[in-house]
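In what follows, chains are A, B, ... by sequence order, proteins preceding strands, each numbered from 1. This one's a predicted model, so the numbers in the text were calculated from it and none came from an experiment.
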Amino acid sequence: MRKPCCDKEDMNKGSWSQQEDQKLIDYIKKHGEGHWRNIPKAAGLLRCGKSCRLRWINYLRPDLKRGNFGEDEEDLIIKLHALLGNRWSLIAGRLPGRTDNEVKNYWNSHLTKKLKSMGIDPNHHRLSHYLSPPRIHEFSQGTTSSAMKVQPSHQQMKSGGSGSNQVSDAGSCVDHDSSCKLLPDLNVDLAVNS
DNA sequence: AAATAGTCCAACCGCCAGCTG
DNA sequence: ACAGCTGGCGGTTGGACTATT
């Protein structure tokens, strides 16, 4: 049996207080990210290292954009999801200032509904037969988000392991499924940058 | 005004891969 | 080659907030 990542008993859980946030920010400003396991002790936090990492990445990082997603971003998420499936970290990596958690939440709360309302199955990015004609052009036209190039790094692409190999068959549809014509401008650039 | 339902999002959980000794 | 540790990821949950009845 695997040990828990930290001793849960003396740890705070739930929402972070302002003081906790400040301690974490101060520590990372001084020492940088990494060694998450040591951070709680070093920063004087009663939190698990994982929790610190998540808080920093999803909320405290200075380069976070936050706020509503723009149409370009929506458009790009839909395209990338069609291409990559639920690999939120990869998708978020193409959206500057956005986190995987944010993208995932936005997908689950907004975009699945939006696609369904268009008559598209959000899991497979195919027409749903039970709904009225789709309005695909709403996101496949006009938005020129292609300015944001889709270029996953090697580091990101390697994560095709068992946990993440459940790329929706929308990914395979890129290769040979004619239904992908639903996403005509899906030819996002996946070349490796740098 | 109160109760209920629905929505959103921060945070947790468990699993996996890579690294190190 | 193996085991243990760590960081990272995606799925899920819980609670706060808002809308509806």
Side-chain angles (χ1 to χ4, degrees), chain A residues 1-25 27-28 31-43 45-71 73-74 76-117 121-125 150-172 190:
Chain A
M1 192 59 176
R2 196 186 162 81
K3 275 188 184 176
C5 74
C6 48
D7 182 3
K8 314 259 180 189
E9 301 205 351
D10 300 324
M11 294 291 164
N12 285 347
K13 285 174 79 172
S15 298
W16 281 62
S17 67
Q18 276 195 319
Q19 291 95 322
E20 286 178 307
D21 281 347
Q22 200 51 55
K23 281 182 181 177
L24 185 56
I25 291 168
Y27 182 87
I28 292 179
H31 301 94
E33 295 180 42
H35 304 100
W36 294 107
R37 190 142 180 134
N38 302 329
I39 285 183
K41 200 175 177 183
L45 289 163
L46 291 174
R47 293 278 180 175
C48 158
K50 265 187 168 183
S51 183
C52 293
R53 176 184 160 271
L54 215 58
R55 181 65 176 172
W56 173 255
I57 289 175
N58 287 332
Y59 201 83
L60 300 176
R61 253 170 43 197
D63 57 328
L64 289 182
K65 202 184 268 184
R66 308 194 67 76
N68 293 338
F69 282 73
E71 277 192 35
E73 288 176 308
E74 263 189 25
L76 191 57
I77 291 169
I78 292 168
K79 287 173 187 169
L80 287 169
H81 187 269
L83 198 63
L84 301 167
N86 292 356
R87 295 203 281 196
W88 304 116
S89 60
L90 281 183
I91 296 172
R94 313 326 313 163
L95 293 160
R98 300 296 187 184
T99 70
D100 53 353
N101 210 32
E102 208 177 359
V103 171
K104 180 171 59 182
N105 282 334
Y106 191 72
W107 174 266
N108 288 328
S109 57
H110 292 88
L111 294 180
T112 54
K113 284 178 203 165
K114 182 175 179 179
L115 289 181
K116 280 178 185 171
S117 77
D121 174 1
N123 294 320
H124 304 99
H125 298 265
V150 181
Q151 298 168 330
S153 66
H154 283 305
Q155 168 71 19
Q156 288 168 322
M157 289 307 285
K158 79 181 176 195
S159 67
S162 57
S164 43
N165 64 356
Q166 76 262 77
V167 180
S168 80
D169 45 0
S172 61
L190 285 171

Check the distance between [N]'s [atom2] and [X]'s [atom1] and give it to me in whole angstrom.
| X | N | atom1 | atom2 | result |
| --- | --- | --- | --- | --- |
| W107(A) | dT12(C) | CH2 | C1' | 18 Å |
| I57(A) | dG7(C) | CD1 | P | 11 Å |
| R55(A) | dC9(B) | CZ | C1' | 11 Å |
| W88(A) | dC15(B) | CH2 | P | 22 Å |
| R47(A) | dG7(C) | CZ | P | 18 Å |
| K104(A) | dT12(C) | NZ | P | 10 Å |
| D100(A) | dA10(B) | CG | C1' | 13 Å |

Taking every non-hydrogen atom, the tightest pair across I57(A) and T99(A)
O-CG2, 3.2 Å
Salt bridge or not for E73(A) and K65(A), using N-O below 4.0 Å?
yes
Taking only side-chain nitrogens and oxygens of S109(A), does any of them come within less than 4.0 Å of OP1 or OP2 of dT7(B)?
no
Please state whether the base of dG7(C) and the side chain of K50(A) form at least one donor-acceptor pair under 3.5 Å?
no
Would you state whether a donor and an acceptor, one from the side chain of N105(A) and one from the base of dA10(B), lie under 3.5 Å apart?
yes
Within a strict 4.5 Å, meaning less than it, do heavy atoms of the Y27(A) and L45(A) side chains meet?
no
